[in-house]
Amino acid sequence: KSHISHELWLQWHKGELTGSGEFNLDQLTFRQGAQDWQANAVSGSFYVETLGDNYVLAVPSLDARINQKALALRQLKIFLGQQLGLQAQSLDLATITDFLRVVPLKGALAELRDQLAPYGTLRNISLRLLENDIAVEANLDQVTVGAWKGAPALNNVSGYVKASKLSGFVQLDAQDFAMAFPKLFHE
């Protein structure tokens with residue numbers, strides 16, 4: 001049994017769509033592959049606006065408990081149209097990784113999720129999908145990731161990352177930063 005309440009306001013003016021809304025969902029249970037999902041206390045708000053040739057779906061707040069794990073997203077924006085991308089105020093990497101464990105990822109994506117096993121927080125995230133590239137920018141707050149394909153494991157990293165398919169950099173601002181090179185020496 002689920003109870004959903006919502007409010008929705010839409011406007012179409014001179015070829016541009018705008019709108020906003022709020023939603024609440026008490027409980028929802030569903031199955032993805034062999035995994036049961038239960039969402040409780042889902043609530044949030046959103047708005048849609050036109051920005052040039054793009055639509056922006058903005059979610060100022062989204063709170064939920066999914067499989068008894070809290071999920072809180074703030075200031076999420078999804079850009080659709082000529083520009084494809086996503087912006088978010090912050091993401092807890094351990095929570096996102098836990099959700100990705102119940103998604104049926106295959107091959108290299110599942111391997112990447114399992115080997116990196118990230119935790120910590122990303123802040124001020126910007127992800128842009130370009131014609132033949134992807135661009136990512138974010139502030140790192142005590143982020144830890146496992147070693148992957150010759151790259152070292154990183155522990156307690158704070159700073160800034162900017163990356164694309166072929167290049168990138170990390171500016172470190174960490175007091176207790178550590179690197180591990182598990183594939184460098186034979187045991």
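Keep in mind that the numbers below use all heavy atoms, side chains included, and drop hydrogens, waters and symmetry copies.
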If hydrophobic clusters are built from ILVMFWY residues whose side chains come within less than 4.5 Å, do Val48 and Trp12 share one?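 Linked within one cluster.
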
hydrophobic_cluster_shared for Leu116 and Phe181, side chain cutoff 4.5 Å: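 Yes, one cluster joins them.
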
Hydrophobic clusters join Ile, Leu, Val, Met, Phe, Trp and Tyr when side-chain heavy atoms are under 4.5 Å apart, directly or via other members; which others share one with Leu51?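 Leu51 shares its hydrophobic cluster with Val56, Phe79.
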
Please write out which residues are connected to Tyr119 in a hydrophobic cluster, directly or through intermediates, given that two of Ile, Leu, Val, Met, Phe, Trp, Tyr count as joined at side-chain heavy-atom separations below 4.5 angstrom.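 None, because no other hydrophobic side chain comes under 4.5 Å of this residue.
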
Should Leu127 and Ile134 be marked as a side chain to side chain contact (heavy atoms under 4.5 Å, CB included) after you check the CA-CA gap, both sets of side-chain angles, and the distance that decides it? CA-CA 7 Å; Leu127 171 73; Ile134 184 169; 3.4 Å; yes

Using the side chain to side chain donor-acceptor pair (under 3.5 Å) criterion, which residues pair with Glu22? Sequence neighbours excluded. none

Please give me the minimum heavy-atom distance between [X] and [Y], naming the atom from each residue.
X	Y	result
Ala39	Val42	CB-CG2, 3.9 Å
Thr144	Asn156	OG1-N, 3.1 Å
Pro118	Val145	CB-CG1, 3.8 Å
Pro60	Ser45	CD-O, 3.4 Å
Thr50	Gly52	CG2-O, 3.5 Å
Thr18	Glu49	CG2-CA, 4.3 Å

Is the closest side-chain heavy-atom distance between [X] and [Y] below 4.5 Å?
X	Y	answer
Phe169	Val161	no
Phe46	Ile78	no
Leu91	Leu73	yes
Glu16	Gln11	no
Tyr160	Leu140	no
Leu154	Phe177	yes

Using side chain to side chain contact (heavy atoms under 4.5 Å, CB included), reason through Leu93 and Thr121 one step at a time and then give a plain yes or no. CA-CA 6 Å; Leu93 291 172; Thr121 305; over 6 Å; no

Working to the nearest 0.5 Å, report the span between [atom1] of [X] and [atom2] of [Y].
X	Y	atom1	atom2	value
Lys149	Gln115	NZ	CD	7.5 Å
Asn139	Gln171	CG	CD	9.5 Å
Leu76	Leu62	CG	CG	8.0 Å
Leu71	Ile96	CG	CD1	6.0 Å
Ser126	Leu86	OG	CG	8.5 Å

Partner set under salt bridge (Lys or Arg N to Asp or Glu O under 4.0 Å) for Arg123, not counting sequence neighbours: Asp141

Who pairs with Asp133 by salt bridge (Lys or Arg N to Asp or Glu O under 4.0 Å), at least two apart in sequence or on another chain?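 With neighbours one apart ignored, the set is empty.
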
According to the side chain to side chain donor-acceptor pair (under 3.5 Å) rule, which pairs have a member within residues 74-92, sequence neighbours left out? Asp63-Arg74, Asp92-Thr95

Verify side chain to side chain contact (heavy atoms under 4.5 Å, CB included) between Val157 and Asn155, making sure each step is shown before the conclusion. CA-CA 6 Å; Val157 176; Asn155 296 304; over 6 Å; no

Sidechain-backbone polar pair: Lys162 side chain, Ser167 backbone, donor-acceptor under 3.5 Å: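 It does not hold such a pair.
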
For Leu100 and Leu109, run side chain to side chain contact (heavy atoms under 4.5 Å, CB included): C-alpha distance rounded to whole Å, both residues' side-chain angles, the deciding distance at 0.1 Å, then the answer. CA-CA 10 Å; Leu100 288 176; Leu109 288 175; over 6 Å; no

